[in-house]
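Read through the structure below, which is laid out as structure tokens, and then see the notes.
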Amino acid sequence: MTIKAYKRFNSIFLTLVSFNLFAVGLFNILIDPYGVFNTYIMQGINQVKPTRINHARLAKAVDVTRIQPKTILLGSSTALRLSPVHPVFANAQPAYNLGLPGAGMQEELLYFQHALINQPDLKQLIIGLDFFSFGVGVKKAPDFIEDRLQKNRITTQDALNAIFSLSAFKSSWDSLAANRASKPGVSALIDLENQRGVTPVQENSRVMNNFQTVISSYLQQEDRYKNYQISNERLNDFRTIIDTCRQRNIAVKVFFSPTHAIQLQALHEAGLSSAYKDWQRQVVKIIPTWDFSGYSQINTESISGEMKNYVDGAHYQYRIADLILNRMFQYHLETVPSDFGVLLTPETIEPHFAALRADQIVWEKNNPKMIKFVQHLDAKANR
């Protein structure tokens, strides 16, 4: 083959590669499966984004740069239930749910600081706390990239990955298929915090499997619960968030997530109850905190396929998230059960623990099947 023929072949080859690369990039921008380019929303094309939640740390870092929220809802996957459009936030909009699945306090601190960089006039912070987030064993998520934070726009690397990567291309195809199959009126950004409503009725066996999975994470002492110890570093991360709010006059409300009563039983069987109480004591020393765990009529709901309050032992339904906000903001209190939610201070926490112990004894007496269920899982985990 002559040199001229080689040049002609290379020219055609590069043209085809460039055209295909351009087409892939244009397709990914059009579909925008992670919601990072703010592409115009088209019904049946790119309105539904089912893969966005799998790239939450990228999507939310970019959202913050664009939305510049005045109110931040922070926490792990449990906090994703909180609605940024709840009426209590009417005077501090835009509000944004910055919850991150599986996040420890270090990640939450870094994303909080990222929000402050993009919105120095932050007015309000709501933060839901989970036991695992403060443990020595908690790790950053695999998709956490610190370099994308403290910026006011998407990074070049993230933009290139979202435009040209094969994973983005697959996500775009999946998103397009979901859009073609979706019904009119489906939310523009499918994400945990705006899938409102109640989980559809499920088979009892499936619900029990959901509970079993979460309970077993305690009993089997997996990763973040193995030899659990409260991390002073994670407590300091939380303290830094609270101190920053005080210095900047940012209104802040903190709450312990409302786990199901059977979750507390699993903590007891796993020998983690003392650590759990110590964690709550340490948090309350830093700031008064609302406690929505315990044995209220919400937390003691019977486990079945028609649960109105819980998805599993740790994740509550969206209507419960609304009740949490109602209680903390003293909004429509007639909708909130009187035994759901109590503000803990260093002076009230020990009497609260004593009351919980009394409630636990009553619950155990009235729920022998649940006790046997947890004990069975505990025996199975320790074979």
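The analysis underlying the following values was restricted to heavy atoms, covering all of them including side chains, and did not include hydrogens, waters or symmetry mates.
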Rounded distance (nearest 0.5 Å) linking atom CE of Met42 with atom CD of Gln47: 10.5 Å

Geometric class of the Phe89/His86 ring pair [parallel <30°, tilted 30-60°, perpendicular >60°]: perpendicular

Any donor-acceptor N or O pair under 3.5 Å, side chains Asn309, Tyr316: no

Residues Thr51 and Asn54: side-chain donor-acceptor under 3.5 angstrom: no

Enclosure of Asp121 CG (heavy-atom neighbours >12, cutoff 6.0 Å): yes

Arg153 atom CZ, over 12 foreign heavy atoms within 6.0 Å: no

Nearest non-hydrogen partners of Val311 and Phe211, listed with the distance: O-CE1, 4.1 Å

Pairwise side-chain contact, Trp363 with Leu264, heavy-atom cut-off 4.5 Å (strictly under): no

Nearest atoms (heavy-atom pairs only) where Leu176 meets Gly44: CD1-O, 4.3 Å

Evaluation steps, side chain to side chain contact (heavy atoms under 4.5 Å, CB included), between Gln263 and Ser293: CA-CA 10 Å; Gln263 200 83 347; Ser293 62; over 6 Å; no

Residues Thr65 and Asn152: side-chain donor-acceptor under 3.5 angstrom: no

Candidates Ile241, Thr240, Ile242 - the one meeting side chain to side chain contact (heavy atoms under 4.5 Å, CB included) with Thr244: Thr240

Row check, Tyr318 ring normal vs Arg81 NZ/CZ: under 6.0 Å, within 45°: yes

Could you pull out all donor-acceptor pairs under 3.5 Å where a side-chain atom in residues 272-280 meets a protein atom, sequence neighbours excluded?
from	atom 1	to	atom 2	distance (Å)
Ser273	OG	His268	N	3.3
Asp278	OD1	Arg281	NH1	2.7

Residues Phe256, Thr289; criterion side chain to side chain contact (heavy atoms under 4.5 Å, CB included); working and verdict: CA-CA 7 Å; Phe256 296 121; Thr289 303; 3.6 Å; yes

Intermediate values then yes/no, salt bridge (charged side-chain N to carboxylate O under 4.0 Å, His left out), Arg57 and Glu107: CA-CA 10 Å; Arg57 283 160 176 79; Glu107 283 191 61; 2.5 Å; yes

Donor-acceptor contact below 3.5 Å, side chain Thr71 vs main chain Ala92: yes

Phe169/Phe27 aromatic ring centres below 6.0 Å: yes

Inter- and intrachain pairs under side chain to side chain donor-acceptor pair (under 3.5 Å), touching residues 334-343, at least two apart: Asn326-Thr335

Side-chain donor-acceptor contact under 3.5 Å, Gln247 with Asp243: no

Crowding at CD, Gln150 (>12 non-hydrogen neighbours, <6.0 Å): yes

Shared hydrophobic cluster, Leu166 / Trp173 (ILVMFWY, side-chain heavy atoms < 4.5 Å): no

same_hphob_cluster(Phe37, Leu160) at 4.5 Å side-chain heavy-atom cutoff: yes

Heavy-atom donor-acceptor pair, Asp312 side chain to His315 backbone, under 3.5 Å: yes

Under 3.5 Å: donor-acceptor pair, side chain of Arg327, backbone of Phe340: yes

Over all atoms of both residues, closest heavy-atom pair of Val64 and Ala115: CG1-CA, 3.6 Å

Donor-acceptor contact below 3.5 Å, side chain Asn97 vs main chain Pro84: no

Between Ser165 and Ser167: side-chain donor-acceptor atoms closer than 3.5 Å: yes

Note: Asp63-Arg52 ion pair, threshold 4.0 Å (strictly below): yes

Cation-pi geometry met for Lys253 and Phe329 (6.0 Å, 45°): yes

Geometric cation-pi criterion, Lys60 with Tyr96: 6.0 Å, 45°: yes

Side-chain donor-acceptor pair present, Thr345, Thr348, cut-off under 3.5 Å: yes

Pair His55, Asp143: side-chain N/O donor-acceptor within cut-off below 3.5 Å: no

Contact summary for Leu73 and Ser83, nearest pair of heavy atoms: CD1-C, 3.9 Å

Lys/Arg N to Asp/Glu carboxylate O, Asp322 vs Arg319, below 4.0 Å: no

Exceeds 12 heavy-atom contacts within 6.0 angstrom, atom CH2 of Trp290: yes

Check: Asn210/Tyr310 side-chain N/O donor and acceptor closer than 3.5 Å: no

